[in-house]
Amino acid sequence: MMNFTQYKAKNNPVEAVNLAVEAAMKANTKLNAVVTMVDPGEQLNRLDQYAGGKMFGIPIALKDNVNTSGVLTTAGSRILGNYVPQYDATIAEKLREAGAIVIAKSSLDEFGMGGSNLSAATGPVYNPYDLSRMSGGSSGGSAVLVASGVVPFAIGSDTGDSVRKPASYNGIVGYKPTYGRISRYGIIPYASSLDHVAFFTRNITDAAIALEVLSGRDDRDMTSLQLPVEDYASLLNPSLEGKKIGILTNVLKAITNPEIQAHFANLVARLKEQGATIVDIEMNQDLLSAILPTYYIIANAEATANHSNLDGLRFGVQKDGKEIDEVMSASRTAGFGKQIRKRFVIGSYALFVENQDKLFRKAQKVRRLIVEDLKHALSDIDGLIAPASAGVAPKLTDTSMDQLSSTYLIAENYMVMGNFSGYPSVTLPMGYCDGLPVGVNLTCKLYDEQTTLNLALAIEQATGLADQIKEVA
Amino acid sequence: MNRYEPEYFKTLAKQLRFSLSDEEARAIADEFGVLLDQMDLLDKIDTEGVEEMVYPIEAETSFMREDEVGHTFTVEQALFNAPRQANDHFVTVKVVG
């Protein structure tokens, strides 16, 4: 299995793509990761015009909430089960112009609204390390296609931790850049103030190259940053001399799994050996405990509004009715899964006039306090690290965790801070517990992608866990 | 005891233009207690004088563009995904008497 540089050196896109298509079809019988296979023929025919592209000839997958002209795009929902976009998302254009070849549209939790990939209209995605376990979500299909060696790169989106958590469960890199760094034009939304385009690779150097390809101002996305694209890959520098890394102790205290604690302690010891100064950082415990409910209120309220256009009238699957209200209700009832309808109800509850001050506006204020606390935590350090989850990928049927425990509220959900703040954040492999991968998460200052990538590369060198693959038989 | 009856969630769903089965409404009512307990965690936090945070980056990213046509759709493209269409229009059931 190759990295970007090896693909380019081999310079045989037809063979690479054919192998990836074959691998995808084979792996999919076990993983259920693909919604639609994309015929690469036309892309290969016009590939010559993109010679020299930074991802030339590399087979990739896109999460199925990325609009692709002429290719079915469902967002994991029955209501878009027949939707064929008539335009490309900006990132689809950018990847094409860099020479990448899309071979598959990958499964996701319906509209990205979940962390398990169990709510996908096409059914659960299975973890390649143990098929009885979940991939994590919402970008589960993309995660397992990279982890199983089918493609070296796949697009995801990250509204809570929807790339960074599955990266941990599947032993790969999940990179979420600064909010606005990558255009969201043409991405079917979940919650606009939290949605980020993010992606999976198997090593940090590939992540740096991909970020160069994907970044940049896009006038079609009003939240797109007006900042230049830097040469992230050529500027990569893993030196930890003079670097100060903070350990988020609230998360460590909330984790009860001794193996994860041991892997993290080993990593910290190696980072010290490489010259880093390590300091403990304790954030406000009440604020961290409030991350999940704050997220739930804001994300579901925004989603309720964002998806009000899905009514079966102008696009999507329509059900019959005698009156227009009946058509909309029948289409939305049949089109949305039960998890999503539940979330819309919660979002609507938070937006009721009588609840707006107590819930919605309160959550927006708490969000500011959480971001200010994170900013303060990062003020004197270069990056903040902690295990990316409290455990390995759960079993598909596991719902045993106490949802008011700090293990759940903090250790399983603290990475949402990266979405509240928009700060760059990356998860990468840290070790294995009984053969199942666990990751470490790193968050850095706003806009500072280079430090994020540099520290992540140092972590990758410390663990020696670049290019991890788990093929499925 | 649940703080809201299943019927309450059915009413909310109706306002959102979808329906819930009896079983779905009961499941939400059962779960809602935990959600409200989680939401109560916000009450521990003093937000007096704090301004709402609507977007993570509050720097200006909008702009005035030149008044030029760009990124347009043809009628065919606009109607491509329409469940029903006729004479270059979307077709729905009758909305006026």
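Proteins get letters first, then strands, A, B, ... in listed order; numbering begins at 1 in each. Hydrogens, waters and symmetry mates are skipped; everything else that's a heavy atom, side chains included, is used.
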Please look at [X] and chain A and tell me whether the side chain, the backbone, both or neither of the residue comes under 4.5 angstrom of a heavy atom of that chain.
X: B/E58; answer: side chain
X: B/L79; answer: neither
X: B/Q15; answer: side chain
X: B/R65; answer: neither
X: B/D40; answer: side chain
X: B/E51; answer: both

Original post:
For the residue pair B/P83 and A/G312, what are the closest heavy atoms and their distance?
Top reply: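 Looks like CG-O, 3.3 Å.
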Original post:
Which atom names give the shortest non-hydrogen contact between B/P56 and A/S193, and what distance separates them?
Top reply: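 Heavy atoms only, the tightest pair is CD-O, 3.2 Å.
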Original post:
Side chain of B/E52, backbone of A/K362: donor and acceptor closer than 3.5 Å?
Top reply: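 Between the backbone of A/K362 and the side chain of B/E52 there is no qualifying donor-acceptor contact (under 3.5 Å).
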Original post:
Can you check whether A/S329's main-chain N or O pairs, donor with acceptor, with B/R17's side chain at less than 3.5 Å?
Top reply: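 Checked: no pair found.
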If you define the side chain from C-beta out and look only at heavy atoms, does anything of [X] sit under 4.5 Å from [Y]?
X: B/K94; Y: A/I324; answer: no
X: B/L12; Y: A/F344; answer: no
X: B/F80; Y: A/V84; answer: yes
X: B/I57; Y: A/T223; answer: no

Original post:
Just checking, any donor-acceptor pair under 3.5 angstrom between side chains of B/Y55 and A/Y179?
Top reply: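 There is no such pair (donor and acceptor under 3.5 Å, judged by atom type) between the side chains of B/Y55 and A/Y179.
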Distance, nearest 0.5 Å, that separates [atom1] of [X] from [atom2] of [Y]:
X: B/L16; Y: A/T304; atom1: CG; atom2: OG1; answer: 6.0 Å
X: A/N82; Y: B/N81; atom1: CG; atom2: CG; answer: 6.5 Å
X: A/F420; Y: B/M53; atom1: CZ; atom2: CE; answer: 10.0 Å
X: A/I291; Y: B/L41; atom1: CD1; atom2: CG; answer: 11.5 Å
X: A/T294; Y: B/I45; atom1: OG1; atom2: CD1; answer: 6.0 Å

Which atoms of [X] come close to chain B, meaning under 4.5 Å heavy atom to heavy atom: side chain ones, backbone ones, both, or neither?
X: A/V345; result: both
X: A/L446; result: side chain
X: A/N419; result: backbone
X: A/V371; result: side chain

Subject >> Residue among B/L42, B/T74, B/I28 with most heavy-atom pairs under 4.5 Å to chain A >> reply: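 When all of B/L42, B/T74, B/I28 are compared, B/L42 has the most.
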Original post:
Which of the residues B/S21, B/A25, B/A78, B/A82 is involved in the greatest number of heavy-atom pairs with chain A at under 4.5 angstrom?
Top reply: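 Highest number of pairs under 4.5 Å: B/A82.
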Original post:
Which is it for B/Q38 and A/Y296 under the side-chain contact (heavy atoms from CB on, under 4.5 Å) test, yes or no, and what are the steps along the way?
Top reply: CA-CA 10 Å; B/Q38 289 178 345; A/Y296 227 61; 5.6 Å; no
Original post:
A/R368 pairs by side chain to side chain contact (heavy atoms under 4.5 Å, CB included) with which of B/V54, B/T47, B/V50?
Top reply: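 Option passing the side chain to side chain contact (heavy atoms under 4.5 Å, CB included) with A/R368: B/V50.
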Original post:
Passes ring-ring contact (aromatic ring centres under 6.0 Å, His included), A/Y349 versus B/F32? Steps please.
Top reply: CA-CA 11 Å; A/Y349 176 83; B/F32 212 65; 4.9 Å; yes
